[in-house]
A.B. asks: 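The structure follows.
Whatever order the structure lists ligands and atoms in, that order sets their numbers, starting from 1.
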Amino acid sequence: MASMVETGSVSQERWSAVDRYIGDLLIGDDPALDAALQDSAAAGLPPIAVTPAQGKLLELLARVQGARTILELGTLGGYSTIWLARALPAGGRIVTLEANSRYAALARASIARAGLGEVVELRVGAALETLPQLAAEGAGPFDMIFIDADKGNYPGYFEWSLKLSRPGTLIVGDNVVRDGAILDPDAEDPSGGNETIKGVRRFYEMLAAESRVSATAIQTVGDKGYDGFALAIVGA
Ligand code: SAH
Ligand code: DHB
Ligand code: MG
């Protein structure tokens with residue numbers, strides 16, 4: 001979603017124009033992904049999926065990682081799910097968790113249209129309830145985990161991600177900069193209020209304190225404004 005931040009002469013308008021340039025050249029038209037976004041917009045889902053360039057980054061990260069199993073928290077309309085699922089080799093699997101059953105139904109349709117219905121397992125429910133169920137079933141360890149559900153719960157999601165990891169698992173967290181608002185513990189985020197800010201800040205503190213991970217975060221600008229991704233590798 002476009003932010004109102006302006007940095008000198010470089011504006012949101014320019015970030016969006018560059019995202020279009022990158023998208024046109026390096027991604028282009030993609031019927032299944034384009035239809036997923038169109039149906040999401042038509043159904044009134046919030047326009048907060050990763051951008052095309054970010055989605056392709058997720059796909060490339062999953063391929064670099066050689067991921068055969070991926071866990072995603074926060075499906076929305078299935079846009080990032082499709083990117084991640086495409087990175088999987090034959091026999092690979094992605095489990096994606098979504099609290100909103102209406103979003104989940106739309107995501108299922110878009111994932112099926114992308115030819116990925118057999119690769120994706122979508123579980124409906126609050127992730128803090130579905131994650132323990134997954135663990136109890138003996139799911140995992142996952143090779144890659146993408147955390148992108150409600151930001152206030154990122155600390156809990158990180159704990160469950162570690163339980164569902166192995167040494168070498170790549171954990172990616174979206175939305176860890178929020179226009180720079182994460183600098184102010186009392187800031188109110190447009191999405192999730194102060195809980196979002198508190199959750200993301202605690203997530204950083206856990207990444208810093210957890211001896212089993214090596215982590216960084218990268219600030220991003222583009223069609224979704226000024227935000228960022230955290231990246232962490234689980235060690236021994
Ligand atoms: N990964 C998606 C965007 C996810 S937006 C993409 O890039 O295409 C965040 C999603 O998390 C929303 O669909 C929201 O309904 C979902 N969500 C919010 N709270 C949740 C919870 N407690 N458990 C699971 N999903 C949740
Ligand atoms: C917003 C963006 C996201 O990528 C997300 O996962 C949730 C909310 C937003 O900008 O509101
Ligand atoms: Mg996000």
Side-chain angles (χ1 to χ4, degrees), residues 1-5 12 15 30 32-41 43-59 61-62 70-86 94-108 110-111 114 116 120 122-134 144-157 160-161 172-182 187-193 195-197 199-200 203 217 219-230:
M1 195 175 291
S3 89
M4 290 295 111
V5 171
Q12 176 62 56
W15 300 342
D30 187 306
L33 286 169
D34 297 345
L37 287 184
Q38 270 163 25
D39 286 6
S40 294
L45 272 59
I48 55 174
V50 292
T51 65
Q54 292 174 342
K56 190 154 183 187
L57 172 67
L58 292 174
E59 183 195 343
L61 286 171
I70 301 177
L71 173 64
E72 176 180 63
L73 284 59
T75 316
L76 191 66
Y79 185 77
S80 56
T81 317
I82 292 170
W83 276 112
L84 287 166
R86 284 179 175 176
I94 175 167
V95 177
T96 184
L97 310 179
E98 173 55 51
N100 184 306
S101 57
R102 191 170 72 87
Y103 297 179
L106 194 129
R108 272 203 185 94
S110 290
I111 289 162
L116 295 164
V120 179
L122 199 170
R123 294 199 177 199
V124 180
L128 286 178
E129 291 173 20
T130 50
L131 285 163
Q133 284 164 13
L134 269 180
M144 177 173 174
I145 301 177
F146 180 45
I147 303 177
D148 195 22
D150 50 320
K151 320 307 165 199
N153 282 320
Y154 273 26
Y157 297 156
W160 280 106
S161 294
V172 178
D174 192 20
N175 308 114
V176 298
V177 173
R178 307 303 293 156
D179 275 343
I182 53 133
E188 296 288 331
D189 190 88
S191 167
E195 290 305 305
T196 286
I197 303 298
V200 170
F203 177 47
Q219 304 180 72
T220 58
V221 295
D223 201 41
K224 286 184 75 185
Y226 168 37
D227 213 327
F229 289 106

A.B. asks: Check residues 76-86 and write down every donor-acceptor pair under 3.5 Å in which the side-chain atom is one partner and the other belongs to a residue at least two apart or another chain.
C.D. replies:
{"residue": "Y79", "atom": "OH", "partner": "W83", "partner atom": "NE1", "Å": "3.3"}
{"residue": "S80", "atom": "OG", "partner": "E72", "partner atom": "OE2", "Å": "2.5"}
{"residue": "T81", "atom": "OG1", "partner": "E72", "partner atom": "OE1", "Å": "2.6"}
{"residue": "R86", "atom": "NH1", "partner": "D30", "partner atom": "OD2", "Å": "2.7"}
{"residue": "R86", "atom": "NH2", "partner": "D30", "partner atom": "OD1", "Å": "2.9"}
{"residue": "R86", "atom": "NH2", "partner": "D30", "partner atom": "OD2", "Å": "3.4"}

A.B. asks: For ligand 1, which atoms sit closer than 4.0 Å to a heavy atom of Y103?
C.D. replies: 13 (O), 15 (O)
A.B. asks: Check side chain to side chain contact (heavy atoms under 4.5 Å, CB included) between A126 and all other residues, then give those that pass, not counting sequence neighbours.
C.D. replies: E129
A.B. asks: Are K151 and D189 ion-paired here, with the side-chain N under 4.0 Å from a carboxylate O?
C.D. replies: no
A.B. asks: Heavy-atom distance to atom 8 (O) of ligand 1: which of S80, G77, A149 wins?
C.D. replies: S80
A.B. asks: Please classify the D174 to ligand 2 contact at 4.0 Å (heavy-atom distances, strictly less than): side chain, backbone, both or neither.
C.D. replies: side chain
A.B. asks: Once you restrict to heavy atoms under 4.0 Å, what part of T75 touches ligand 1? Side chain, backbone, both or neither.
C.D. replies: backbone
A.B. asks: Can you say whether the rings of F203 and Y154 are parallel (under 30°), tilted (30 to 60°) or perpendicular (over 60°)?
C.D. replies: perpendicular
A.B. asks: Using heavy-atom distances, let me know which of N153, I48, I147 sits nearest atom 5 (S) of ligand 1.
C.D. replies: I48
A.B. asks: What part of W83, side chain, backbone, both or neither, has a heavy atom within less than 4.0 angstrom of ligand 1?
C.D. replies: neither
A.B. asks: Identify which protein N/O/S atoms are less than 2.8 Å from the Mg ion (ligand 3).
C.D. replies: D148 OD1, D174 OD2, N175 OD1
A.B. asks: With sequence neighbours left out, write down each residue that passes side chain to side chain contact (heavy atoms under 4.5 Å, CB included) with T51, or none if nothing qualifies.
C.D. replies: D19, A53, Q54, D223, K224
A.B. asks: By number and element, which atoms of ligand 2 are closer than 4.0 Å to a non-hydrogen atom of S191?
C.D. replies: 8 (C), 11 (O)
A.B. asks: Within a distance under 4.0 Å of any heavy atom of K151, pick out the atoms of ligand 2 and give their elements.
C.D. replies: 5 (C), 6 (O), 7 (C)
